[in-house]
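To start, the structure under review is shown below, and the notes come after it.
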Amino acid sequence: DGLKCEPGETYIMNVMVSGHPYWVPVYQGFKQAAEAFGCKTVFSGTPDYDITKQIASFEQDMVKQPAGILLHPMQADPFIEPINRAIDSGTEIVTFAADSPKSNRTSYITSDNLAEAKFAAEEIVKQVGDSAEYAVLENPGQSNHDLRVTALISYMEEHYPNMKLVGRQATNQDSNAAYRATGSILQANPNLAALWIPEAGSAEGAVAAVLEAEAKVLIMHADVTPTTLEHIKAGNIHMALNPNQGMQGFMGFMATFLAAHSDVFDPFNDYKVSGYNPVQIPYVDNGFAVITKDNADSFDLNVYMEGRDPS
Amino acid sequence: MRETGLIAIILVLFIVMSFASPYFLTWVNMRAMVMAFAVEGIVVVGMTILLISGGIDLSVGSVTALAMVIAGWLFLNGVDPWVASAISIAACTGIGAFMGFFVTRVGLHHFIVSLAIMVIARGACLLGTGGRPLGLFTLPPEFKFIGQGSIGPIPVVIIIFLAVVIGFDFMLRRTTLFRKVFYTGSNEKAAAYSGIRTKRVIFFTTTLCSALCGVAGIIYMARFGSAQPTFGIGMELNVIAAAVIGGASLKGGSGTIFGAILGAVLLSVVSSSLALLDVSVYWQDIIRGSILLTAVSIDHYLVKKRA
Amino acid sequence: MRETGLIAIILVLFIVMSFASPYFLTWVNMRAMVMAFAVEGIVVVGMTILLISGGIDLSVGSVTALAMVIAGWLFLNGVDPWVASAISIAACTGIGAFMGFFVTRVGLHHFIVSLAIMVIARGACLLGTGGRPLGLFTLPPEFKFIGQGSIGPIPVVIIIFLAVVIGFDFMLRRTTLFRKVFYTGSNEKAAAYSGIRTKRVIFFTTTLCSALCGVAGIIYMARFGSAQPTFGIGMELNVIAAAVIGGASLKGGSGTIFGAILGAVLLSVVSSSLALLDVSVYWQDIIRGSILLTAVSIDHYLVKKRA
Amino acid sequence: MTDDVILKISNLSKSFGPVRALKGVDFELRQGEIHALAGENGAGKSTLMNVIDGILQPDSGEILFDGVPVRIASPAMAQKLGVGFVHQETALCPDVSVAENIFMATTNASRSLLMNYRTLEQKAAEVLGELVDINPATLVRDLSISHQQLVEIAKALTLDCRVLILDEPTAALTEKEAQILFRIMRRLADKGISIIYISHRMVEIFDNCDRVSVFRDGQYITTRNVSEITPDDVVNAMVGRVIDELYPRKQTEAERSDEIILNVRNLNERSRFRDVSFQLRKGEILGLAGLIGAGRSEIVKGICQLEGEVSGEVALNGKTLSLSSYQDSIAEGIVYLSEDRKGDGIFLDMPIAGNVSALKPEQVANGFGLILRQKEESQAEALGARLNLKYGSLTDPVSSLSGGNQQKVAIAKMLSVNPKLIFLDEPTRGVDVGAKAEIHRILRNLAASGVGILVISSELPELIGVCDRVLVVREGRISGEVTGDRMTEENIMHLASVGGAQAAIQ
Ligand SMILES: Nc1ncnc2c1ncn2[C@@H]1O[C@H](COP(=O)(O)OP(=O)(O)OP(=O)(O)O)[C@@H](O)[C@H]1O
Ligand SMILES: Nc1ncnc2c1ncn2[C@@H]1O[C@H](COP(=O)(O)OP(=O)(O)OP(=O)(O)O)[C@@H](O)[C@H]1O
Ligand SMILES: [Mg+2]
Ligand SMILES: [Mg+2]
């Protein structure tokens, strides 16, 4: 009765590179929400960075006829057809952290990368002034990382024209590559004041290089790992912007669950004739947290995961 | 037949899985499983032929991605998608010829040449897309048909895949042209002494492999309706592994298309099974690697025993 | 000397770069450049020796990561970091022995065995960390010293690196033990007919390579103060490329440590230079690949001409 | 034979770096003749042939084919000119069937799109039929080295050629196969095909060839009709002196000893040989004769644990051995010189000095296991000098040596460890007369000093000339033994092919 799962009603969270730590708190949020409604959950996807494999795993999820799938589509367009097929066969689909906007998915839950970039830009200017040199590391080809970088650069160009971008290196989440690249940037730019890094893996390498060169560079990055967390506590990294993964999972579940239980809701629109799911939520911002020396202790994932089942 | 052992291993996996999961032996699952390796299978064909001739190609993933990017970029700039595809496949063939030149004329090793091309082609993908996927949603339906359509219950992709596999398997076994590939790979000197222009043969197999990457890239593009610059990273290991599991030698001279495809099937069945059984992602790699090692060992044992 | 060509190419790069960037020829930049490949250089040593014996190892990246994870996990669970490191290196040695077993006893090819181990070790990293990087900030300073400290102006990492390189280079050139590695790789059958226990030799080189991955992993851990389960993905290609550029043959029987390290230097100088000149990331891969291809071609030409 | 010159080479030179392999040589081949080439190891014979086949390009000089100057750029082009070549080292594709190997050139030249395996195998069986009984469908990698050589010959015979080059084709063949080959050669010559025949066996040259050209140190010396000269003249022209004795003095009755060095009893191997028992006495050189594939090599490899699962008793100097690997065998002082020099005898890409020291690198190392380069090189130098090895530098790879000189490196390797018992499988294959005599002398001295020597050879005159006693192997069994006056080609052939059931012929 009401908003409760039938026995055996299952919700699946499907991702690529399933071993990546990013998914861990997302799935916890997903699971906690599911437990509250008496639903079963499964964490699925492909361990590889491979679109064909993710599609295969998504189609295999479909075979099991779950009530809904919270999906992180590795690429937008390839998933249009599989998503629509899943919805036609009675499985509701919500996307998170990456979207497939042309598909019929009912919702998209994500962090606002533009907001993150804007916040980071303002913070950098606040710390080093509005006419200084800065550099970025990047990971071309991964959309959210790209957005964090390009948005920050264009924001700077627009609002702080005296901020000079002096280095731009692709390090692809590899701490060793980041170590190398940062070392070179530091050599070429002795006046470098700030470094913006769109993910934490590269930040680990970058901070090692900065410490080794004994340079005074303000480091800011997105996401967080235990190591960068310690560097934040030690003051080596100024600040990290961490998407609220728990909320992402929690809201992801809610959106999927509500889509699957849309019979409780009769909105004032044309859903009955158009055939759309009445619970359409185009966009949910899960927000981000600002991690500094002061609040760093709350972001220890290993502490958080103690006593919790990762799968 | 060399492949009997592999077939047996795959059958055993099938039987085990059909008991372990009610979903395994469904049409939809079978279709998903074949779709997962069909296009890559075309690259496996090219790689197997190249391995037989004594070469190797690490650039297959990048070149496949580049094929998508070139065709996608041309299409977005107003070129007819079929023409764009033809140009793209021609470009990939050109890349293969370029590698062939460095191997046969300059005298470098396939490994290092294809490694450099792998880096260059990936760079070209980034440059051509600015690092962002190209959305090709507007591709005309008759073009998308080759990637997404079905003829009866059979997806077009699978039909193309089977045509390529059967065609090349036949040619490799029966035509004089492809026998020269075996001779060259088995003992290049002996082949040359018999008047075979071994450099041409190696040039040909190198070029063919890249051309097939081009074909695969176009099918991927039609299937996904997009071109991703980071597509196919790490594909080379998968593809080489399939060929080697299927009996191709890294030293050249031996291998079959049929065996290589069985290798691809084995890898795909294992991956699919783990996903279907909801094995924890933290265990999947360990199990996958162990099954691979076990399967290859059993196959090796069976082959040795028979010999 | 086989390496003269490479040295010349590197020198030319140095001269060009010192004109192109005022920062290039500074002590700090040189130091950073050496630091950038020093630890990986230890793996290059192991790989070169393995290649000489006729083997190959795709698992080096995963095993290096696993070394970090094992030592890090033990440390977080209260084990003394030095003891944890010793256990971790021993475990990596065990992995190498395991691979050696499959290669020499079961008779599988290095390629496929190390591919399976690459997957398994990566899985073990995930399992051991739950997919999350281990923060090892609390490692005692005297331990971190091996990764972050300096003796005089010279970083400890570089000292360790030089010790490993010089030690193995000397042994490879001079000792009877390593001479057997060359015999085995040059012609395994002839080596067996000369009374060399070729399987033991291959077992040894396979094990040694993994053990050196273990050492590298520990140094990385001390240096970065963390253990990332995703560390070292794709490292194998870099490492093999360095060895091959330096003159090691994928067929076995030839190669030098000195050359392989020059190969690593070349790759590193190119990367550093591109970063130092702030070349657009969209162009870097293309330029990097092209320089690699050009350098290898020139080196090949010089070697051939001299012969 | 006519007097029409089909191939004429004048003033041709070829160098490999500092090594001048051919110095302005001349050569003339007439239609329908069998023309022998003689010369010491490293004289340049194979190099000249490689030039004719387009494998090597000369530095200078002229090649006239039918009086027309040609540049032979590749083997493919040589083929078009009608040159067929049986190489000194077999060059076959191991992963491919015998039939396909034989018809590789035909397949290459054929216009047809598809392979026709059935006719291919039929035709291969026809060509092989005359030579040897091999299933054309077997992979070449499964053949013994002598069978490979026969396949190589069959391959050349199928070529529709005008000039057929045979570079030491009989080095691994026994008398029987060699005689068949000579019959075929004569038939071809009668059809007008010109044959260049390279061999170090004077008897073969004088029995089967029309003319002989002699080379020395890369220089052309002379061409003569064989009817006009004697073997001694040829040897004299090759070596620059007359070799006084081809074979060393044999053991005298008085020197005969009852002391047994090697005692083999009831040696069996699952499929390869049965009930092998024999003794090797101190001071004697024991020979092992038999047809191709009789199992001589396998018996010897079985004794020293290189191959097969062997049961039976082996005693060395009275001590029963329990060998479980070849390493054990070496540790006991038993070494084996392989018949397949390229496959498992030498390390082609490694330096000469490193090859010679390979059996026991510890010998040229100091107490810490460090190899002393000087010690290593002086070892190679000393053994090389004993065997008259021709080389540029000891650091050159063995691949830069001529075939016969590679064989000397393999022998030097065996001698380097001062073994107690040596099995030599075709020890002088490809070695020139002078060096051969030297090797025989060395073997005799070793035997006299108490080292056990067992020689396998397909060259009956060599066995008869060198050995004190010869055992004959037929189909995996010892079919008899000959000594003294009984040691004749007829007796040995008889035991090897038909007889054998009767006890040893004393
Ligand atoms: N690839 C090579 N590199 C360097 N030197 C070579 C090479 N091939 C042959 N030589 C040298 O050329 C000379 C002639 O060698 P070739 O093989 O022609 O001798 P050959 O008369 O055939 O001797 P054999 O009777 O031993 O076969 C030798 O001194 C040999 O060392
Ligand atoms: N690697 C192999 N695989 C299969 N059969 C083999 C192999 N080597 C030898 N044989 C076969 O074993 C038998 C004995 O060969 P072996 O080499 O001992 O004969 P042999 O008397 O030394 O003659 P030769 O060496 O002149 O051929 C032959 O029938 C041969 O074809
Ligand atoms: Mg010769
Ligand atoms: Mg033999």
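Here the structure is a predicted model, which is why all the values come from computation and not from measurement. Keep in mind that the numbers below use all heavy atoms, side chains included, and drop hydrogens, waters and symmetry copies. Sequence lines set the chain letters: A, B, ... in the order given, protein chains first and strands last, and positions in each chain run from 1.
- For chain B, no part of C/Q284 is nearby; none of its heavy atoms comes within less than 4.5 Å.
- Paired with C/V103 under the rule side chain to side chain contact (heavy atoms under 4.5 Å, CB included), one option of C/I202, C/L108, C/T205 passes, and it is C/I202.
- Under 3.5 Å, the side chains of B/T256 and B/E3 contain a donor-acceptor pair of N or O atoms.
- Comparing B/I233, B/I117, B/V106 by heavy-atom pairs within less than 4.5 Å of chain C, the highest count is held by B/V106.
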Between C/L126 and B/D285, does a side chain to side chain contact (heavy atoms under 4.5 Å, CB included) hold up when you go through it step by step?
CA-CA 9 Å; C/L126 286 181; B/D285 274 346; 4.1 Å; yes

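- Listed options B/V113, B/L237, B/I120, B/I287 were ranked by heavy-atom pairs under 4.5 angstrom with chain C; first place goes to B/I120.
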Could you give me the CA-CA distance, side-chain angles and deciding distance for B/V201 and B/E188, then say whether side chain to side chain contact (heavy atoms under 4.5 Å, CB included) is met?
CA-CA 10 Å; B/V201 171; B/E188 189 177 341; over 6 Å; no

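- Chosen from C/L250, C/V244, C/L292, the residue pairing most often with chain B at heavy-atom distances under 4.5 Å is C/L250.
- Side-chain contact between B/V43 and B/T64: present, with at least one pair of heavy atoms (C-beta onward) separated by less than 4.5 Å.
- For B/L58, the part lying under 4.5 angstrom from a heavy atom of chain C is the side chain only.
- In terms of heavy-atom pairs under 4.5 Å with chain C, the best-connected choice from B/I245, B/V296, B/T129 is B/V296.
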